[in-house]
Structure formats: C-alpha cells, structure tokens
Amino acid sequence: LITDFLQFIVMSTGLIVTTFLILYKVGWSTLVDTVQTHYGKGGFNPFVNEDMGWSYVIFNALLNTAAVLTWQTQIARVLAARDSKTGRKVYTGTSFFFVARFLIPGIWGIAALALLTPQQVGGNSLLAMPKMLSIIVPPGMMGLLIAAMLAADMSTDSSYMLTWGSVIYNDIMAPFRKQKWSEKKGIFWNRTIIALIGVFLLVYGLWYKIEGDLWTYLGITGTIYLSSMSVLLIACCYWKRANNWGATAAIIFGALVPVATLVLQKVGPLTNWFQKNDTSCGVATYMIVALAMIIGSLLKPRYRGPAKGKE
C-alpha cells in the first residue's frame, strides 16, 4: 500500500505538471478551436457525434457507475477503510481523480491534434501523443513524466494482479479445496495465478487485434465482470427476493453477452454490425443481466418455513 501510494504521488505530480505545461504552451483557445475545426458540434456534444450517440453515452454511464461500485482496485481501498465514514472520505477524496483520468488524456490528445500534421504522425495515430510530448516537454521534465508513466503502470498492474489473484484464489478456487491449504501452498498458488495473469496480459496486450476504439474494447471486456457484480450488489442490498439463482444467472449472462460480442466481431456474417454497434451490445448486457437477476430470483421457490403446529 505504501509503494502504491508513493507511485500515485509521483504519477499525479508528473501528469498534472505536464498538463499545465501543455495548457501554457498550446493555450485553451487553441484546443477549443482545434476540436471545432476537426469535429464541429460533435466534438462538444456526443449525442450528435457520428461515432458516439446515445448508446455510447448510456454505455459509459453504466460502465463508470459499475466501476465506482465494484471495480476491485477501487473497492479494495474502500473495504480496507476503518469504518463507513472513512470509506466515504475515500470516495470523496478520489472523486477528482476519476474525472482527471478522462480529462488529462483528452487534453493531451487534443494538443497533439493541434500541433501535429498527418505527415508528422506517419499514419499511426498512436504515435501522435508521444511526438507532441517530445516537442512540448523539456528534457528534465521528460524524465519526471517517464517516471510518472512507469509509476502509473506499476501501481495499476500490481493492484490488478493482487486483487484479481485474490479473487481467483479465495472465491473461485475455494469451493474445490476439500481442506484448508497450508500457508506455503497458498502462497505458491497465489504466485502462480499472478504469473498466469501476467502471461495473459502479455499475450492480449501485444498480439490481440482490437476491433474499434480502444476505450470501448476495454469497456466491453470490463463489462464481463462489472455488469453482473454491480447488478448483484444493488439487488442484494435493496431487493429482498434476490437469491443465488438470480445471482448465478446474472453472472452467466454477464459473461456470455460481452464474450459473444467480441467473438462475433471477429467471425460470422455480422462482423461489421457488431463492430459498429459494440456500445449498444454493452448497454444490452446490463439490461439482460438485470433481467436475468430478476427472473432467476423469481423462479426459485420461496422457503416459507415449517407450518404452525408442526415444529
């Protein structure tokens, strides 16, 4: 936790200083004019943007609400809080950074669009932001920025690996353990799980070809977990009829629909439709999961207890 906190300090310092440097050298009016020139009204209003629209906005609203409620790296900190009051302070204190994680990359991307020509990028838009930073950020500051990027990557990867490794070990593997494992064996399996997660990230990060934009792809894959867990959390807290049948159905459909979307983007006669309507599939996932939770819970017979006089 101390290491993650220090990495967070380095990351925040580097990102915020770089952002202010971009605003100083490029200027806010230039950023606004660039968006207006390249995207028109669609650059400011997602509802009229051809690549976004209602489904994009609704999907991201559902996605980020679910992430705030159930995402492991966030919830791990809340659950480690001393009491509910401290937990609320965690949410309040980190709320700005939830906004900044979208705002800062957006500002940097717009600055790259304002400063670079297509010839400078060379047809690869992924190189635009690094090239822009090499122009704006001075050499000494570039070192701090690289340290911030590495800190962000290390703290993110370590948090993900530890939390997901813990979920797999404690929640998925636990039912298959007939007796309690020794500490040595538990540590071995935790390390093995984390290593396998690292291999999965390596393969998926380097060799899997993403269809569509990166953020929507991350949203669809994240929905495999977020859709079912957020529905489970809300239903179990606020609906008395919620039970394990509904939870099982929600988890199954929460995994099936996003996975089917990713597969059908690659194979089958409807690949183009699924590539263009991935956010609609994301919205449909949350709706289907909610219905699965309700229908599954209602299908389970209610236990009414022994009849009077027959105890």
Side-chain angles (χ1 to χ4, degrees), residues 4-5 7-49 51-69 71 73-74 77 89-116 125-137 141-142 144-157 159-160 212-220 222 226 279 282:
D4 278 353
F5 178 74
Q7 289 170 347
F8 174 77
I9 296 298
V10 174
M11 175 192 70
S12 299
T13 302
L15 297 182
I16 292 173
V17 170
T18 302
T19 302
F20 277 108
L21 186 63
I22 290 173
L23 292 173
Y24 174 74
K25 290 193 174 183
V26 179
W28 182 257
S29 60
T30 302
L31 298 178
V32 174
D33 292 341
T34 299
V35 175
Q36 179 66 44
T37 301
H38 287 82
Y39 294 99
K41 293 182 179 179
F44 304 94
N45 185 353
F47 298 108
V48 299
N49 189 304
D51 298 325
M52 296 180 181
W54 282 96
S55 63
Y56 184 90
V57 175
I58 295 172
F59 174 61
N60 278 278
L62 292 171
L63 178 70
N64 286 285
T65 301
V68 171
L69 290 174
W71 195 243
T73 50
Q74 170 68 17
R77 292 167 174 79
K89 287 183 178 180
V90 171
Y91 271 112
T92 304
T94 58
S95 59
F96 169 76
F97 296 97
F98 276 100
V99 177
R101 68 194 301 177
F102 296 98
L103 185 63
I104 288 177
I107 291 175
W108 292 15
I110 297 170
L113 187 62
L115 294 178
L116 302 176
S125 60
L126 292 177
L127 299 177
M129 190 180 73
K131 283 182 177 292
M132 178 274 297
L133 293 175
S134 68
I135 295 172
I136 289 182
V137 180
M141 184 63 201
M142 182 62 75
L144 176 61
L145 178 60
I146 293 174
M149 294 290 191
L150 291 174
D153 181 64
M154 288 188 293
S155 62
T156 300
D157 291 345
S159 296
Y160 282 177
D213 67 276
L214 176 60
W215 173 247
T216 302
Y217 164 76
L218 293 174
I220 294 294
L226 292 171
T279 54

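Fair warning: this is a prediction, and the values are worked out from it, not measured in the lab.
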Do Thr92 side-chain atoms and Lys89 backbone N/O form a donor-acceptor pair below 3.5 Å?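 No, the answer is negative, given that no donor and acceptor are paired below the 3.5 Å cut-off.
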Working for side chain to side chain contact (heavy atoms under 4.5 Å, CB included), residues Thr19 and Leu103: CA-CA 10 Å; Thr19 302; Leu103 185 63; over 6 Å; no
Residues in ring-ring contact (aromatic ring centres under 6.0 Å, His included) contact with Phe47, at least two apart in sequence or another chain: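 Once residues adjacent in sequence are excluded, the partners of Phe47 under the ring-ring contact (aromatic ring centres under 6.0 Å, His included) criterion are Trp54.
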Closest approach of [X] to [Y] (non-hydrogen atoms, all atoms of both residues):
X: Met132; Y: Trp108; value: CE-O, 3.3 Å
X: Ala112; Y: Ala128; value: CB-O, 3.7 Å
X: Asn49; Y: Gly43; value: ND2-N, 4.5 Å
X: Met141; Y: Leu21; value: CG-CD2, 4.5 Å
X: Ala111; Y: Ile22; value: CB-CG2, 3.5 Å
X: Lys41; Y: Gln36; value: N-NE2, 4.5 Å

Please report, to 0.1 Å, the donor-acceptor pairs under 3.5 Å made by any side chain of residues 25-35, with sequence neighbours excluded.
{"unit_1": "Lys25", "atom_1": "NZ", "unit_2": "Ile136", "atom_2": "O", "d": "2.8"}
{"unit_1": "Thr30", "atom_1": "OG1", "unit_2": "Val26", "atom_2": "O", "d": "3.0"}
{"unit_1": "Thr34", "atom_1": "OG1", "unit_2": "Thr30", "atom_2": "O", "d": "2.7"}

Report yes if some heavy atom in the side chain of Leu69 is under 4.5 Å from a heavy atom in the side chain of Leu226; otherwise report no. no
Looking at OG1 of Thr18 and CD1 of Ile107, how far apart are the two atoms once the value is rounded to the nearest 0.5 Å?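 Here the interatomic distance stands at 11.5 Å.
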Nearest 0.5 Å please: distance from the CG atom of Asn45 over to the CE atom of Met52.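 Answer rounded to 0.5 Å: 10.0 Å.
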Without placing hydrogens or testing angles, list every side-chain donor-acceptor pair under 3.5 Å for residues 56-67, not counting sequence neighbours.
{"unit_1": "Asn60", "atom_1": "OD1", "unit_2": "Trp215", "atom_2": "NE1", "d": "2.5"}
{"unit_1": "Asn60", "atom_1": "ND2", "unit_2": "Tyr56", "atom_2": "O", "d": "2.8"}
{"unit_1": "Asn64", "atom_1": "ND2", "unit_2": "Asn60", "atom_2": "O", "d": "2.7"}
{"unit_1": "Thr65", "atom_1": "OG1", "unit_2": "Ala61", "atom_2": "O", "d": "2.7"}

